[in-house]
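In what follows, residues are counted from 1 in the order of the sequence shown. Note: hydrogens, waters and symmetry copies are ignored here, and every other heavy atom, side chains too, is used.
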Amino acid sequence: MKNDHITGVCVDLTSEGKGVIKLFNETIFVDALLLGEKAEVEIDYRSHGVAYAHIVNLLEKSPDRIEPRCPVSTSCGGCSFQNTTYEYELAFKKKKVIDALHRIGHIDHEVNDVIGMDNPYNYRNKIQVPFQRNGKDIIYGFYKAKTHKIIPIKECTIEDKRAASILSTIKDLMMSMHIEPYNEDNRSGVIRHVLVRTSYHYDEIMVVLVTNCDSFPSRNNFVKALTQAHSEITTVVQNINTRDTNVILGEKEKILYGKGYIRDSILGINFNISSKSFFQVNPVQVEKLYSKAFELAHLTKEDNLLDAYSGVGTIGMIASKQVKSVTCVELEKSAHWNAIKNAEENGIKNINLINADCTEYLINSDNKFDVVIMDAPRKGSTKEFLGALKENSPKSIIYISCNPATLARDLALLIDKYFIETIQPVDMFPKSFHIETIISLKKIN
């Protein structure tokens with residue numbers, strides 16, 4: 001029953017980093033419980049034969065347990081490893097990749113140690129938070145896991161430090177100008193979310209106001225006051241989302257201040273980033289990720305390269321100086337237009353930018369590629385794309401994945417024609433349970 005108290009030892013971890021207790025033929029998932037720790041836990045709820053619980057009393061501590069820097073780490077749900085050493089976290093992530101490949105793809109292959117960060121804090125260049133009325137106050141923060149209850153924050157330890165004061169100012173301006181946050185129950189109010197994107201290499205910051213309406217009173221004064229308080233903000237965009245949905249961004253946008261995008265740089269190539277553009281959130285680790293991917297691809301000046309799921313063209317444009325030609329394929333229109341601007345501004349001539357679905361493009365294309373680098377979405381690729389990829393028969397495939405489960409599933413469909421050369425995890429998301437993995441595949445002769 002709910003509120004039952006049970007004492008047990010953590011014998012395993014879930015793929016999300018929750019501790020696992022097995023007791024009386026029941027499996028119990030416990031937030032923030034580390035391997036080998038003994039604890040008294042309280043059952044929160046049961047679902048599909050599994051109980052979910054939280055720690056009431058920690059009886060035996062792991063030597064890998066540390067004091068979290070974040071005061072709301074156990075209630076927020078955004079981080080899984082605030083209370084562990086970084087070595088423990090990296091070991092978990094390596095095992096997560098190994099387990100997924102073995103269990104789902106039936107693949108047994110050596111996995112390299114995870115490439116980690118020197119400082120695994122304050123790395124995220126993108127923060128998006130909901131706003132909500134709380135009595136006479138307005139709060140913002142992150143939703144508690146599996147709820148729409150906001151856990152208020154003042155500063156997130158994994159976000160760019162510059163975002164905290166901007167969000168605080170936005171709250172103060174909303175209060176003083178009587179701009180209401182969105183109310184999910186009656187679908188009233190103005191501000192639903194605020195998105196802050198920061199540039200690592202340039203002094204540029206974008207603020208996106210996600211609103212429930214086309215316009216709102218005091219909008220011009222609001223933007224003026226915000227940009228005067230924070231001269232580091234170089235553009236403000238209003239994104240309009242009137243739908244009753246959990247999707248954060250709507251389709252319609254208005255530029256309220258500046259150019260409507262910011263610039264950043266990866267390995268010497270500049271990129272324009274709009275509100276909707278996919279851009280890796282960790283500017284330090286992304287350079288390690290792409291450098292390792294290019295190293296494993298063994299690119300030459302004779303190669304025709306396909307950059308699939310290309311976003312704003314990061315991989316293809318960086319690789320362009322190492323190959324004969326690059327084709328970037330991306331479905332999101334705003335990212336595609338950013339890619340066009342990026343290529344022009346960087347003077348890249350040997351590139352072909354395609355606004356299309358990757359699967360449809362490869363099935364219908366007559367182009368042959370020597371190397372394919374695919375940075376697939378979390379849901380992975382499609383059977384049709386992977387089938388067309390094998391028909392295209394590149395000598396080398398570099399698969400970059402943020403989801404070991406879908407990666408394993410997709411690899412199982414490729415290994416009849418390709419052998420795995422290297423499996424290299426890279427920690428792009430410290431303190432979370434997520435892990436990025438690079439797989440180097442070579443064609444079987």
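- Counting non-hydrogen atoms of neighbouring residues, nucleotides and ligands closer than 6.0 angstrom, the CG atom of Asn350 exceeds 12 such neighbours.
- Counting heavy-atom neighbours within 6.0 Å of Tyr143 OH, excluding the residue itself, gives a total above 12.
- Across all their heavy atoms, Ile151 and Cys76 have their closest contact at CG1-CA, 4.0 Å.
- Between the Lys324 side chain and the Lys301 main chain, no donor and acceptor come within less than 3.5 Å of each other.
- For Glu330 (side chain) and Gly311 (main-chain N/O), a donor-acceptor pair under 3.5 Å exists by modelled atom type.
- Between Ser381 and Asp410, the side chains place no donor N or O within less than 3.5 Å of an acceptor N or O (distance only, hydrogens not considered).
- Thr242 and Asn212 share no donor-acceptor pair across their side chains, judged by distance under 3.5 Å alone.
- Each of Arg263, Glu344, Glu345, Lys259 was compared with Asn272 under the side-chain hydrogen bond (donor to acceptor under 3.5 Å, both in side chains) criterion, and only Glu345 meets it.
- Under the rule for a side-chain contact (heavy atoms from CB on, under 4.5 Å), the partners of Thr198 that lie at least two apart in sequence or sit in another chain are Asn125, Asp160, Arg162, Val196, Ile205.
- Residues that satisfy the side-chain contact (heavy atoms from CB on, under 4.5 Å) test with Asn346, not counting sequence neighbours, are Ile269, Asn270, Asn342, Ile348.
- Crowding of Lys368 atom NZ: a count of heavy atoms from other residues, nucleotides or ligands under 6.0 Å exceeding 12.
- Residues passing the side-chain contact (heavy atoms from CB on, under 4.5 Å) test with His106, sequence neighbours excluded: none.
- When atom types are taken as modelled, the side chain of Asn392 and the backbone of Ala388 share no donor-acceptor pair closer than 3.5 angstrom.
- Around NZ of Lys288, the count of heavy atoms belonging to other residues, nucleotides or ligands within 6.0 Å exceeds 12.
- For the pair Arg187 and Tyr182, the cation-pi test (distance below 6.0 Å, angle within 45°) is failed.
- Atom NZ of Lys395 has more than 12 heavy atoms from other residues, nucleotides or ligands within 6.0 Å.
- A donor and an acceptor atom, one from each side chain of Thr314 and Gln280, are nowhere located under 3.5 Å apart.
- For Ile273 against Met206, the heavy-atom pair with the smallest separation is O-CE, 3.3 Å.
- Between Ile415 and Ala412, the closest heavy-atom pair is CG1-O, 3.9 Å.
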Quiz prompt | CA sep, side-chain torsions, deciding dist, call: Gln82, Thr157, side-chain hydrogen bond (donor to acceptor under 3.5 Å, both in side chains) | solution = CA-CA 9 Å; Gln82 284 278 351; Thr157 61; 2.7 Å; yes

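- Listed by first and then second residue, the ring-ring contact (aromatic ring centres under 6.0 Å, His included) pairs involving residues 70-99 are Phe81-Phe92 (not counting sequence neighbours).
- Considering every non-hydrogen atom in both Ser275 and Leu195, the closest pair reads O-CD2, 3.8 Å.
- Under the salt bridge (Lys or Arg N to Asp or Glu O under 4.0 Å) criterion, Glu332 pairs with no residue, sequence neighbours left out.
- Defined by atom type and a distance below 3.5 Å, a donor-acceptor pair is missing between the side-chain atoms of Glu37 and Ser62.
- The minimum heavy-atom distance linking Ala32 with Arg65 is given by the pair O-NH2, 2.7 Å.
- Residues satisfying the ring pair (Phe, Tyr, Trp, His ring centres under 6.0 Å) criterion with Tyr290, sequence neighbours excluded, are absent altogether.
- Panel note: side chain Asn352, backbone Thr327; no donor-acceptor pair is recorded below 3.5 Å.
- Under the salt bridge (Lys or Arg N to Asp or Glu O under 4.0 Å) criterion, Glu251 pairs with Lys276, not counting sequence neighbours.
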Practice problem: Decide side-chain hydrogen bond (donor to acceptor under 3.5 Å, both in side chains) for Thr84 and Glu89; before the verdict, give the C-alpha distance in whole Å, the side-chain angles of both, and the deciding distance to 0.1 Å. | Solution: CA-CA 7 Å; Thr84 70; Glu89 178 183 345; 4.9 Å; no

Return a table of donor-acceptor pairs under 3.5 angstrom between the side chains of residues 416-424 and protein atoms on other chains or two or more places apart.
residue	atom	partner	partner atom	Å
Asp416	OD1	Lys390	NZ	3.1
Asp416	OD2	Lys390	NZ	3.3
Tyr418	OH	Pro394	O	2.6
Glu421	OE1	Ser440	OG	2.8
Gln424	OE1	Asn112	ND2	3.0
Gln424	NE2	Asp113	O	2.9

With a 3.5 Å cut-off and sequence neighbours excluded, list the donor-acceptor pairs that the side chains of residues 430-439 form with protein atoms.
residue	atom	partner	partner atom	Å
Ser432	OG	Phe429	O	2.8
Ser432	OG	His434	N	3.2

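- More than 12 heavy atoms of other residues, nucleotides or ligands shown are found within 6.0 angstrom of NE2 on His201.
- Contacts of Asp99 classified as salt bridge (Lys or Arg N to Asp or Glu O under 4.0 Å), with partners at least two apart in sequence or in another chain: Lys95.
- Annotation for Lys333: atom NZ does not count as buried by contact number, only 12 or fewer foreign heavy atoms lying within 6.0 Å.
- At least one donor-acceptor pair closer than 3.5 Å links the side chain of Ser199 to the backbone N or O of Tyr202.
- Note on residues 298-322: pairs passing ring-ring contact (aromatic ring centres under 6.0 Å, His included), not counting sequence neighbours, are Tyr309-Phe385.
- Once rounded to the nearest 0.5 Å, the distance linking CD of Gln322 with CG of Leu299 reads 5.0 Å.
- A salt bridge is defined here as a Lys NZ or Arg NE, NH1 or NH2 lying under 4.0 Å from an Asp or Glu carboxylate O, and Arg124 with Glu159 meets this definition.
- Scanning for salt bridge (Lys or Arg N to Asp or Glu O under 4.0 Å) contacts around Glu26 gives Arg46, with sequence neighbours left out.
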